[in-house]
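Here is the structure we will look at, set down as structure tokens.
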Amino acid sequence: MKILGIESSCDDTAAAVVTDDKTILSNVVYSQELTHKLYGGVVPEIAARAHIDKISDVVQHALSRANCSVDDIDLIAATAGPGLIGGLIVGTSFAKAMAVSLNKPYIPINHLEGHALTARLTNNVEYPYLLFLLSGGHCQSMIVRGYGDYSVIGRTLDDAIGESFDKAAKMLGLPTPGGPFIEKAALSGDPKKFKFSAPMLGRNDFSFSGLKTAVRIQVEKIHTLSKQDISDLSASFQQSICDVILDKLKQLLKDKRFIDVKQLVLGGGVGANAAIRSSLQKACNEREISLIAPPAKFCTDNAAMIAWAAVERATNGFAEDLEFCPNPNWQIV
Ligand code: KG4
Ligand code: ZN
């Protein structure tokens, strides 16, 4: 079976063709980064218009890279939430229109489920696993015992983790989205230069607003930031984030409810961060837990994860659903 996935929940217009035996035939992502750069963040209305401009080209590109035509597609899936409503309407309307005109089934997909199941596509992971879902809009630890069998263990009480990277980057005068720029600047910085405490230690929940304030106070103190200051602040901020995540892992592994689970999976854009991946790898090695981190380009938003989630959804008895309205707040648990 060949599945066409479409993703348009934020600022990436993406389409991919994936088979039900886990071959990614194409994976096209058009980033609106340059469009939003001027505004220092994603502007929802501009994002929706940019999705309208690009979606047809991106889908055609995904089909041609996969060396197939629309007739070869067996199932069409699109992100129907959570996300920015304008983009969701563009992606789901496009997918539904294709499905109706071609007489193919359409399945709406939850974006978070896409991130949560990516490693099953890219790394062939079996259930069950612990999951850190670390993205621009979400930050939660979960236990994934099977398709649809998800429980949230800890969640952020304020900012999402990617949001905290983006806000810290803005304070440091780095471009958006901030995560990759902080990671790059941190390479030439001293992670011990500034002591930012890791918030909410010893708890399952996350909180990042205090860390953001700590960076702001330090930036105001220095006033005119040198290149080295930016690198040191980035490295120290990233170190605090790593400390927080390692602490959450420690809490999870202490919990008797998950004693049988020996796999930890990363999902979401922040999962692309090499410093976070390597500190988690070290901690997992020490505790004989396997860390499964999908390739960076499948941690950040993509449509292959949407196509794959449709495979799992269809396999688990969810029929096509043309009536489903895009839902900006759609939760998986
Ligand atoms: O999953 P994602 O692509 O979109 C959402 O579902 O939100 O995540 C985007 C977030 C942004 O906040 C971005 O700054 C962050 O992921 N991000 C990173 C890295 N790459 C993307 N954060 C830290 N290090 C990275 N290398
Ligand atoms: Zn995402």
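Counting starts at 1 for both ligands and their atoms, in listed order.
- F132 does not carry K248 over the face of its six-membered ring by the limits of under 6.0 Å from the centre and within 45° of the normal.
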Pairs under 3.5 Å, N/O atoms on ligand 1 and on the protein: can you put them in a table with the distances?
from: ligand 1; atom 1: 1 (O); to: H115; atom 2: NE2; distance (Å): 3.1
from: ligand 1; atom 1: 1 (O); to: G269; atom 2: N; distance (Å): 2.9
from: ligand 1; atom 1: 1 (O); to: D301; atom 2: OD1; distance (Å): 3.2
from: ligand 1; atom 1: 3 (O); to: D301; atom 2: N; distance (Å): 3.0
from: ligand 1; atom 1: 3 (O); to: D301; atom 2: OD1; distance (Å): 3.3
from: ligand 1; atom 1: 4 (O); to: D301; atom 2: OD1; distance (Å): 3.2
from: ligand 1; atom 1: 4 (O); to: D301; atom 2: OD2; distance (Å): 3.0
from: ligand 1; atom 1: 6 (O); to: H111; atom 2: NE2; distance (Å): 3.1
from: ligand 1; atom 1: 6 (O); to: D301; atom 2: OD1; distance (Å): 3.3
from: ligand 1; atom 1: 7 (O); to: G136; atom 2: N; distance (Å): 2.8
from: ligand 1; atom 1: 7 (O); to: G137; atom 2: N; distance (Å): 3.3
from: ligand 1; atom 1: 8 (O); to: G136; atom 2: N; distance (Å): 3.4
from: ligand 1; atom 1: 12 (O); to: G162; atom 2: O; distance (Å): 3.1
from: ligand 1; atom 1: 12 (O); to: D166; atom 2: OD1; distance (Å): 3.3
from: ligand 1; atom 1: 12 (O); to: D166; atom 2: OD2; distance (Å): 2.8
from: ligand 1; atom 1: 14 (O); to: D166; atom 2: OD1; distance (Å): 2.6
from: ligand 1; atom 1: 14 (O); to: G179; atom 2: N; distance (Å): 3.0
from: ligand 1; atom 1: 20 (N); to: G269; atom 2: O; distance (Å): 3.4
from: ligand 1; atom 1: 24 (N); to: N273; atom 2: ND2; distance (Å): 3.0
from: ligand 1; atom 1: 26 (N); to: E183; atom 2: OE1; distance (Å): 2.6

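- Within the structure, ring-ring contact (aromatic ring centres under 6.0 Å, His included) pairs that include any residue of residues 30-51 do not occur (at least two apart or interchain).
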Let me see the working for W308 and F298 under ring-ring contact (aromatic ring centres under 6.0 Å, His included), right down to the final yes or no.
-> CA-CA 12 Å; W308 175 252; F298 294 110; over 10 Å; no

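- The Zn ion (ligand 2) sits nearest to atom NE2 when only the N, O or S atoms of H115 are considered.
- Note: H115 and H111 have perpendicular aromatic rings, judged against thresholds of 30 and 60 degrees for the angle between ring planes.
- Metal site remark for the Zn ion (ligand 2): H138 contributes no N, O or S atom at a distance under 2.8 Å.
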Show your reasoning for whether ring-ring contact (aromatic ring centres under 6.0 Å, His included) applies to Y147 and Y127.
-> CA-CA 8 Å; Y147 179 79; Y127 295 120; 7.8 Å; no

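- Considering just the N/O/S atoms of H111, the one nearest the Zn ion (ligand 2) carries the name NE2.
- The side chain to side chain contact (heavy atoms under 4.5 Å, CB included) test with R155 is passed by exactly one of H138, Q140, M142: Q140.
- The Zn ion (ligand 2) sits nearest to atom OD1 when only the N, O or S atoms of D301 are considered.
- Between Y106 and F324, a ring centre-to-centre spacing not shorter than 6.0 Å is recorded.
- Contact check on D21 versus K2 returns no salt bridge, with no Lys/Arg side-chain nitrogen under 4.0 Å from an Asp/Glu carboxylate oxygen.
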